[in-house]
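Just so we're clear, the structure is a prediction, and the values are computed from it rather than from any experiment. For reference, positions follow the sequence shown, starting with 1.
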Amino acid sequence: MFRLLRWRLGRTLLRAAGRRCGSCAARLLPERAGAQGLRARGAPSRGQGLLPLLAALAWFSRPASAEEQPGEDEADEADEAEAEIIQLLKRAKLSIMKDEPEAAELILHDALRLAYQSDNKKAITYTYDLAEQLFKATMSYLLGGGMKQEDNAIIEISLKLANIYAAQNKQEFALAGYEFCISTLEGKIEREKELAEDMSVEEKANTYLLFGMCLDSCARYLLFSKQLSQAQRMYEKALQICQEIQGERHPQTIVLMSDLATTLDAQGHFDDAYIYMQRATDLAREINHPELHMVLSNLAAILMHRERYTQAKEIYQEALKQAELKRDEGSVQHIREELAELSRKSRLLT
């Protein structure tokens, strides 16, 4: 019914392929916090590995299981896609070895997108596992060089790992990762309040935005796991941070309003959900939000739940036009399905 929008706070990190809807798996990885990002600093020497708290993350995953090699009857296109994915993964490994983590993440994103497009489950699993191994190795490298666990770069990597576990539906490990990120940042923010004069505005903003990313990612997984009240609290905090740092008209603030409304609607709080979604829609129209069609679709869904079918149809039709202009085929199909369901409901009332 709903389409959850993606976090946008700056330059791209590794993302899950495609858009995520309410029935899909949680997003793989977040995007970078802050305009300048949170890139790991320096090139510390390799040490003895993870510190005790983060060492537990290495325990969370399992090696990729052995799978049968592709059969001879597979389509040539699938073989070509698999060969391209293999080359991308090799390039990602090389970028990591050359201390180019941003390049490696973009390459892994391309590999994952191609794996999803070709429906290559083996490649999807392997890409997840490779990303996990590389992130843990990078974390070990940084910690071994003296970087602290509360450094934003370490928390960012931990968040990416938690999102990988969420995408694989490893609930215990995903929630443990989110809890580490959120609790560590909460303590860090409290300590930074005492050092406000010694910190730049950008440093403080980066920490707050990373905190918002962690809350948002955790909220999405909680929503996916049907832990609705907990997800609502996370979204409320993330929205507050985004409004304070980036303003109400920022695209990500609108995204969070939409996602909070989705969570309220899922709990049956239709009136509260409508208030947030209507405000998100108004703002999205004002700034010509790049995902206006998804916000409109979410508004129409809430109107359906409130049995305001005529208004819902009008909003869905507007959303469909916007989705067609964006050439977002996934959203076009989703909206058409919702319009068909709306027509069915309307017929039952006549």
* Structure fact -> Hits for side-chain hydrogen bond (donor to acceptor under 3.5 Å, both in side chains) against Asn288, two or more places apart or cross-chain, chain-then-number order -> none
* To do: Taking side chain to side chain contact (heavy atoms under 4.5 Å, CB included) as the test, write out the residues that go with Lys90, two or more places apart.
  => Ile86, Gln87
* **Phe270: ring-ring contact (aromatic ring centres under 6.0 Å, His included) partners, not counting sequence neighbours** => His305
* **Under-4.0 Å salt bridge between Lys148 and Asp151** => no
* Could you tell me which residues satisfy side chain to side chain contact (heavy atoms under 4.5 Å, CB included) with Gln230, sequence neighbours excluded, listed by chain and number? => Leu222, Gln227, Arg233
* Structure fact -> Taken in chain and number order and not counting sequence neighbours, the residues that satisfy side chain to side chain contact (heavy atoms under 4.5 Å, CB included) with Leu94 are Lys98
* Residue list, side chain to side chain contact (heavy atoms under 4.5 Å, CB included) with Arg327, at least two apart or on another chain -> none
* Decide side-chain hydrogen bond (donor to acceptor under 3.5 Å, both in side chains) for Glu337 and Gln333; before the verdict, give the C-alpha distance in whole Å, the side-chain angles of both, and the deciding distance to 0.1 Å. => CA-CA 6 Å; Glu337 290 171 355; Gln333 181 180 351; 3.3 Å; yes
* How are the rings of Tyr221 and Tyr178 set relative to one another: parallel (under 30°), tilted (30 to 60°) or perpendicular (over 60°)? -> tilted
* To do: Could I get the full list of salt bridge (Lys or Arg N to Asp or Glu O under 4.0 Å) partners for Glu150, not counting sequence neighbours?
  => Arg191
* Structure fact -> Sequence neighbours excluded, the answer for side-chain hydrogen bond (donor to acceptor under 3.5 Å, both in side chains) partners of Arg249 is Glu286
* Structure fact -> Sorted by chain and number, sequence neighbours left out, side-chain hydrogen bond (donor to acceptor under 3.5 Å, both in side chains) with Asp282 holds for Gln278
* Asked: Got a sec, which residues hit salt bridge (Lys or Arg N to Asp or Glu O under 4.0 Å) with Glu236, two or more places apart in sequence or on another chain?
  -> none
* Listed by chain and number, what are the side-chain hydrogen bond (donor to acceptor under 3.5 Å, both in side chains) partners of Glu179, not counting sequence neighbours? -> none
* With Arg336 via salt bridge (Lys or Arg N to Asp or Glu O under 4.0 Å) - residues at least two apart -> Glu324
* Got a second to check how far Glu291's CD is from Ser297's OG, nearest 0.5 Å? -> 12.0 Å
